[in-house]
Amino acid sequence: MSKPSLARGTRDFGPEQMAKRNFIFDTIRRSFQRYGFLPLETPAFENLSVLMGKYGDEGDQLLFKILNSGDFSGKLVAQDWQEGYKPLTTKISEKGLRYDLTVPFARYVAMNRGTLPMPFKRYQIQPVWRADRPQRGRYREFYQCDADVVGTDSLLCEAEIVLLLHDILPALGIIDFTVKINNRKILTGIADIIGAHGMEGPLCVAIDKLDKIGKDKVVEELLERGFSGESIGQLDPIFNLSNEDEPFTELSDWLAESPVALKGIQELEEVWAMVKVLGLEHAKIEFDVTLARGLSYYTGAIFEVKANNVQIGSISGGGRYDNLTGTFGVPGISGVGISLGVDRIYDVMEELNLFKDAQSTGTQVMVSNFDEAAFTFGLSILPKLRQAGINSELYPDQVKLKKQLDYADRKNIPFVILIGSEELNSGLLTLKNMKSGEQQKLKIEDIISLLTAAS
RNA sequence: GAGGUUGUAGCUCAGUCGGUUAGAGCGCUAGAUUGUGGUUCUAGAGGUCGCGGGUUCGAGACCCGUCUCCCUCCCCA
């Protein structure tokens, strides 16, 4: 017999944790629905052909692959072993656990394009899996809450994502946050302008770290990634770009020669304007040229949300992707979406002590079980309580009252109904308030109306 | 995938230089109290010292391997 253990990077969620998590899920779901998103669920695992190549090399490596069932090695020959693990993987595994919710959604859209009302807005709340090394705020199984719109390139979607975030996070009690926004087109333009056409990928990865490691280290990394000193020299505006009111004019001057970049800047300006018209006066949005994000499929706006004054990575991320369905043979469907990480939001809320008001869905009243006659009577009042919408339970065993009350105490049950021979004779039941210790004798109807009023 | 670190009772942790039967607090169980929880008192149960190997007369302690926690990098929610 072996000691039980959890797989690395996974967790159980007990009742108290689930109460908090459900509060988060419910809050997010309500907001998603209010913005017109419809629910979708997709399978936990997909064919690897769907998942591979969508997240970059790094992502492919972090995919959990599922070993083929049965005799997966039967057809292997000696040469397969010598070719290394990558070619071997394709021979012994053809399915993998989903890595995010966006790619499965794109697959769903591609497969159902004829039947979906376009533009199609869906939300999806499901776990995803990544085979990376666990750390603070990083797990191998975690929940994402995604909302995406496909089938329109209207910047209203981007603006609505900003609004959505400003609804959800305060509703959770997270008030101090920043929605960082950038546009992939600007990054593409920068790569062009500095004479490093097509290298925005590595450029992004490096400058994304600016606020973390500083200019010198970024320059160092750019050199390592094959940028010339001349190109890097032209990046100065990035390092000096002021975060003041009009960063866009400054940027437009610098990137005037790049039509792509100008398009990106114009898109962002439009988003800013629309957010304002939508009535968000003090938007916590911030343009950040250094925001890049590694996922390779983004083509327009890029979002990232940071909870301030908490040592946890971003709690949300997203962006626009123009051609995700294209890889499934359906080009021309642009999409944009946002993904919230429940597990990180949970950690943030825990750290900021924001769970005090989380409602309990636990038992409201417990009926004691004193003897056979009282038990039978308890059976008869239980359905009455439940039909009145009161969460209730009858203690199943005839054990000492001390033990029953102790159980109620540990489950934080606020009321206990005591039934013994005395109560059976008089028809008046003893209702005990577990917090104050007070007891009163009442008819069951009065208990029900009292408990209904209390909740 | 690279580097560092941790692991002793359900939990938090002591455990001296390698030396008798591995301890504490909290929690748990039972009783004090056969109709009353939280407080108190008493008693009790609970250990493959992460796992595997090695050194030694002797290993919780030292060495090697491995797994795991946490942290840094990479990357990300």
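Note that the structure is a prediction, hence the values are computed from the model and not measured. Letters A, B, ... are given to chains in the order of the sequence lines, protein chains preceding strands, and every chain is numbered from 1.
In this structure, the nucleotide among B/rC71, B/rG37, B/rG35 sitting nearest to the side chain of A/Leu405 is B/rG37. Among the nucleotides B/rC28, B/rU68, B/rU36, the one closest to the side chain of A/Arg410 is B/rC28. Side-chain atoms of A/Asp409 lie closest to B/rG38 of the nucleotides B/rG38, B/rA77, B/rC28. Checking B/rC75, B/rG35, B/rU72 against the side-chain heavy atoms of A/Lys209 singles out B/rC75 as nearest. You'll find that the side chain of A/Asp132 is closest to B/rC75, out of B/rC70, B/rC75, B/rU36. Taking every side-chain heavy atom of A/Lys400 into account, B/rG31 is the closest of B/rA77, B/rG31, B/rG35. The side chain of A/Asp406 lies closest to B/rG37, out of B/rG37, B/rG35, B/rA77.
Residue side chain A/Glu58 does not reach the base of B/rG1 through any donor-acceptor N/O pair under 3.5 Å, judged by distance alone. One donor-acceptor pair, N or O on each side, does fall under 3.5 Å between the base of B/rU36 and the side chain of A/Gln439. Scanning atom types as modelled, one donor and one acceptor separated by under 3.5 angstrom connect the side chain of A/Arg133 and the base of B/rG3. Judged by distance alone, with hydrogens and angles left aside, A/Arg138 brings no side-chain donor or acceptor close enough to the base of B/rC71 to form a pair under 3.5 Å. In this model, no side-chain donor or acceptor of A/Lys402 finds a partner on the base of B/rU36 within 3.5 Å. In this model, no side-chain donor or acceptor of A/Arg136 finds a partner on the base of B/rC70 within 3.5 Å.
Among the atoms of the strands shown, base atoms are found under 4.0 Å from some heavy atom of A/Leu418. Residue A/Arg98 is classed as having no contact, given no heavy-atom separation below 4.0 Å to the nucleic acid. Looking at heavy-atom distances under 4.0 Å, A/Arg8 makes contact with sugar-phosphate atoms alone, never a base. Base contact: A/Gly420 has a heavy atom under 4.0 Å from a base atom. A/Gly437 comes within contact range of at least one nucleobase, with a heavy-atom separation under 4.0 Å. Residue contacts for A/Gly137: at a heavy-atom cut-off of 4.0 Å it reaches a base atom on one of the strands shown. Base engagement by A/Gln135 is indicated by at least one non-hydrogen atom pair under 4.0 Å involving a base atom. Nucleic acid contact class of A/Ser421 (heavy atoms, under 4.0 Å, all strands): base. Using a 4.0 Å heavy-atom distance criterion, A/Ile315 is classed as a sugar-phosphate-only contact. Using a 4.0 Å heavy-atom distance criterion, A/Gly318 is classed as making no nucleic acid contact.
A/Glu423 is listed as a side-chain neighbour of A/Lys441, based on a closest heavy-atom distance under 4.5 Å. Residues A/Thr10 and A/Trp129 fail the side-chain proximity criterion, which asks for heavy atoms closer than 4.5 Å.
Relative ring orientation between A/Phe355 and A/Tyr346 is described as tilted, the plane-to-plane angle lying within the 30° to 60° band.
Summarising the local packing, NZ of A/Lys411 is surrounded by more than 12 heavy atoms from other residues, nucleotides or ligands at distances under 6.0 Å.
The side chain of A/Gln61 contributes no N or O atom lying less than 4.0 Å from OP1 or OP2 of B/rC75. In this model, the phosphate group of B/rC75 is not approached by any side-chain N or O of A/Arg130 to a distance below 4.0 Å at OP1 or OP2.
The interatomic distance linking A/Glu304 (CD) with B/rC76 (C1') rounds to 9 Å, in whole Å. We find that CG of A/Asp397 is positioned 19 Å from P of B/rU34, with the value rounded to whole Å. One interatomic measurement links the two molecules: CG of A/Leu291 to P of B/rC76, which rounds to 11 Å at whole-angstrom precision. In this entry the distance linking CZ of A/Phe142 with P of B/rA77 reads 7 Å, nearest Å. For the pair A/Leu63 CG and B/rG1 P, the interatomic distance rounds to 14 Å; values are reported in whole Å. At whole-Å resolution of the value, CZ in A/Arg140 and P in B/rG1 are 8 Å apart. B/rC73 atom P lies 11 Å from atom NZ of A/Lys217, rounded to whole Å. Rounded to whole angstrom, the span from the CG atom of A/Leu6 across to the P atom of B/rG50 amounts to 19 Å.
Atom C1' of B/rU20 sits at a distance of 30 Å from the matching atom of B/rC28, rounded to the whole Å. Nucleotides B/rU21 and B/rG37, compared at atom P, are 44 Å apart to the nearest Å. B/rA61 and B/rU42 are spaced 36 Å apart, taking the P atom of each and rounding to whole Å. As rounded to the nearest Å, B/rC64 and B/rA22 have C1' atoms that lie 25 Å from one another. The C1' atoms of B/rG15 and B/rG25 are separated by 15 Å, rounded to the nearest whole Å. One P atom belongs to B/rC67, the other to B/rG3, and the distance between them is 13 Å to the nearest Å. For the C1' atoms, the distance from B/rC17 to B/rC62 is 12 Å, rounded to whole Å. To the nearest whole angstrom, the two P atoms, one in B/rG52 and one in B/rU36, are 50 Å apart.
Using a 4.0 Å cut-off on heavy atoms, none of the residues of residues 172-181 of chain A approach RNA chain B.
Between the side chain of A/Thr363 and the main chain of A/Val365, no donor-acceptor pair closer than 3.5 Å is present. No side-chain donor-acceptor contact under 3.5 Å links A/Asp322 to the backbone of A/Ser334.
If you find the closest nucleotide of RNA chain B to A/Glu438 and to A/Lys403, the one lying nearer the 5' end belongs to A/Lys403. The residue among A/Pro134 and A/Tyr143 whose nearest nucleotide of RNA chain B is located toward the 5' end is A/Pro134.
Salt bridge absent: A/Asp406 and A/Lys403 never bring a charged side-chain N and a carboxylate O closer than 4.0 Å. Under a 4.0 Å N-O distance rule, the pair A/Arg184/A/Glu200 does not qualify as a salt bridge. We find that A/Arg21 and A/Asp343 are joined by a salt bridge, their nearest charged nitrogen and carboxylate oxygen being less than 4.0 Å apart. Ion pair A/Glu286/A/Lys306 not flagged as a salt bridge, since none of the NZ, NE, NH1 or NH2 atoms sits closer than 4.0 Å to an Asp/Glu carboxylate oxygen. Between A/Lys20 and A/Glu350 there is a salt bridge, since a side-chain N of the basic residue sits under 4.0 Å from a carboxylate O of the acidic one.
Aromatic pair A/Phe45/A/Phe64: centroids not less than 6.0 angstrom apart.
No side-chain donor-acceptor contact under 3.5 Å links A/Tyr108 and A/Gln124.
Helical stems in RNA chain B, defined as runs of 3 or more consecutive Watson-Crick or G-U wobble pairs with both donor-acceptor distances under 3.5 Å, are listed by first residue as B:1-4 with B:70-73, B:10-13 with B:23-26, B:28-32 with B:40-44, B:50-54 with B:62-66.
The nearest pair of heavy atoms linking A/Val289 to A/Asn182 is O-ND2, 3.0 Å.
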